[in-house]
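Quick caveat, the model's predicted, so the values are computed rather than measured. Below, chains carry the letters A, B, ... as their sequence lines are ordered, and counting in each starts from 1.
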There are 2 protein chains.
Amino acid sequence: MNPSLNQSVELADEPICEPRCTIPAEQTEQLQSQLLDPLKAQRMAEFFSLLGDANRLRILSLLAEKELCVGDLAAAVDMSESAVSHQLRTLKSIRLVSYRKQGRHVFYRLQDHHVFNLYQAVAEHLDET
Amino acid sequence: MNPSLNQSVELADEPICEPRCTIPAEQTEQLQSQLLDPLKAQRMAEFFSLLGDANRLRILSLLAEKELCVGDLAAAVDMSESAVSHQLRTLKSIRLVSYRKQGRHVFYRLQDHHVFNLYQAVAEHLDET
DNA sequence: AGTATATCTGAATATATGTTCATCTGTTAC
DNA sequence: GTAACAGATGAACATATATTCAGATATACT
């Protein structure tokens, strides 16, 4: 993974921007070497963004328990089947869910265990006052 | 944390929706007991959503390394100071960054180590083809 | 074949979100 | 004091995103 994001939060020993806050180009470049590259940033942003919907999270919370078909999901989360289908398509696009077809039904399930870690980290954060 | 989201992804041993996909109200209620409650879902969604921006992630990747003032951040990520300031306000609102004022400068830093876990989990997920 | 069911899809609307611009506040230096 | 600077803010615009509705597919049943 990108080494530029680690947990150590050091104080700036020498504020770059003194006396003026426009730093020399040289130091800016040095900073930029630690910068998350735009393409990866974009992909991560898209991923977080797609998780950023209450209905999708509620759907995921059900799928975490057991696989379910669209109709049952719709009934449980109290949404239209169309709306659920759209959201599932979104979740498929980031490979968070997969599905199997069985007759007329399509059963969806969580595809990726990383969701759980994400969920946990965010829950912890939110529980801290 | 909510016990309804765990890693076990079991196959539906008895598809609820047979023969019709509209399940009995009783079973729907049972499902709903595993459902992430709307308020928490909303809070989590808001959190993920606020992480869902490439510029914010790029800012975070720099702050993960060291604390920085708005002007230097703006120079490094090639955005206007105004834009950076707006994004920092957003990041403050979910307590991902905090700041200290020193004269004219405001130095921002990561406030929460959970970001790192999130980052790691997403990076892993994205790296899997 | 024809009908009913389960799901998907595209287009349209409504809403949320990001960025920009102009302006405002607070700080430092002269 | 006033000028220059760092940062914050609000409003306006542009863009992205979610939801709805109408209709399309695909499967099962008779």
Side-chain angles (χ1 to χ4, degrees), chain A residues 12 15-23 38 41-42 45-59 63 67-94 97-109, chain B residues 12 15-23 38 41-42 45-59 63 67-94 97-109:
Chain A
I16 299 172
C17 52
E18 295 294 340
R20 306 198 310 109
C21 215
T22 306
I23 62 183
Q42 192 55 52
E46 188 183 350
F47 185 90
F48 279 122
S49 208
L50 294 184
L51 275 182
D53 180 90
N55 287 334
R56 281 197 285 275
L57 289 175
R58 294 196 312 138
I59 289 172
L63 291 181
E67 68 171 14
L68 288 165
C69 64
V70 179
D72 288 347
L73 273 172
V77 298
D78 196 28
M79 293 169 64
S80 74
E81 294 186 358
S82 173
V84 170
S85 179
H86 274 296
Q87 301 294 27
L88 287 171
R89 174 156 62 156
T90 297
L91 292 173
K92 263 190 298 183
S93 78
I94 46 172
V97 304
S98 56
Y99 63 94
R100 67 183 174 94
K101 293 188 176 178
Q102 180 181 316
R104 284 182 288 198
H105 300 302
V106 180
F107 289 95
Y108 284 86
R109 63 174 178 278
Chain B
I16 299 173
C17 53
E18 294 296 340
R20 305 198 312 107
C21 214
T22 306
I23 63 182
Q42 192 55 53
E46 188 184 349
F47 186 88
F48 279 121
S49 208
L50 294 185
L51 276 182
D53 180 90
N55 287 333
R56 280 196 287 274
L57 288 175
R58 294 197 310 137
I59 289 172
L63 292 181
E67 67 171 14
L68 288 164
C69 62
V70 178
D72 288 348
L73 274 172
V77 298
D78 197 28
M79 295 169 62
S80 73
E81 294 188 0
S82 174
V84 170
S85 179
H86 275 294
Q87 301 295 26
L88 288 170
R89 173 155 63 155
T90 297
L91 292 172
K92 264 190 297 182
S93 77
I94 46 173
V97 304
S98 57
Y99 62 95
R100 68 183 173 93
K101 294 189 175 177
Q102 180 181 316
R104 284 184 287 204
H105 300 303
V106 180
F107 289 95
Y108 285 85
R109 63 174 179 278

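The CD1 atom of A/I59 sits 14 Å away from the C1' atom of C/dT7 (whole-angstrom rounding). When rounded to the nearest whole Å, the span between CG of A/L88 and P of C/dA6 equals 16 Å. Going from atom CZ of B/R89 over to atom C1' of D/dA11 covers 12 Å, rounded to whole Å. Residue B/L73 contributes atom CG, which lies 11 Å from atom P of D/dA8 at whole-angstrom precision. As rounded to whole Å, 10 Å separates atom P of D/dA18 from atom CG of A/L91. Between the P atom of D/dT9 and the CD atom of B/E81 lies a distance of 15 Å, rounded to the nearest Å. Straight-line distance from the CD atom of A/E67 to the C1' atom of C/dT7: 16 Å, rounded to whole Å. In this structure, CG of B/L68 is placed 15 Å from C1' of D/dG7, rounded to the nearest angstrom.
For the OP1/OP2 pair of D/dA6 and a distance below 4.0 Å, the side-chain nitrogens and oxygens of B/Y108 include no atom meeting the criterion. In this model, the phosphate group of D/dA6 is not approached by any side-chain N or O of B/Y99 to a distance below 4.0 Å at OP1 or OP2.
Remark: A/I94 CD1 to A/L51 CG distance equals 5.0 Å, nearest 0.5 Å.
Side-chain atoms of A/R56 come within 3.5 Å of backbone atoms of A/L50 as a donor-acceptor pair (strictly under, hydrogens ignored). A donor-acceptor pair under 3.5 Å links the side-chain atoms of B/R58 to the main chain of B/V77, judged by distance alone. Looking at A/S49, its side chain never comes within 3.5 Å of a backbone N or O of A/E46 through a donor-acceptor pair.
Using modelled atom types, one finds a donor on one side chain and an acceptor on the other under 3.5 Å when comparing A/R100 with A/Q102.
B/F48 and A/F48 have parallel rings, their planes meeting at less than 30° on a 0 to 90° scale where 60° marks the start of perpendicular.
Partner of A/V84 under the side chain to side chain contact (heavy atoms under 4.5 Å, CB included) criterion, out of A/L68, A/I59, A/D72: A/I59 alone.
Note that B/K101 lies outside the cation-pi zone of B/F107, set by a 6.0 Å cut-off to the ring centre and a 45° limit from the axis.
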Protein N or O to nucleotides 23-29 of chain C N or O, pairs below 3.5 Å:
none

I need a per-nucleotide contact map over nucleotides 15-20 of chain C, read 5' to 3'. Cutoff is protein heavy atoms under 4.0 Å; write B for the base, S for backbone only, - otherwise.
---SSB
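By the side-chain contact (heavy atoms from CB on, under 4.5 Å) test, B/S80 is found to be paired with B/S82, B/A83, residues two or more places apart in sequence or in another chain being considered.
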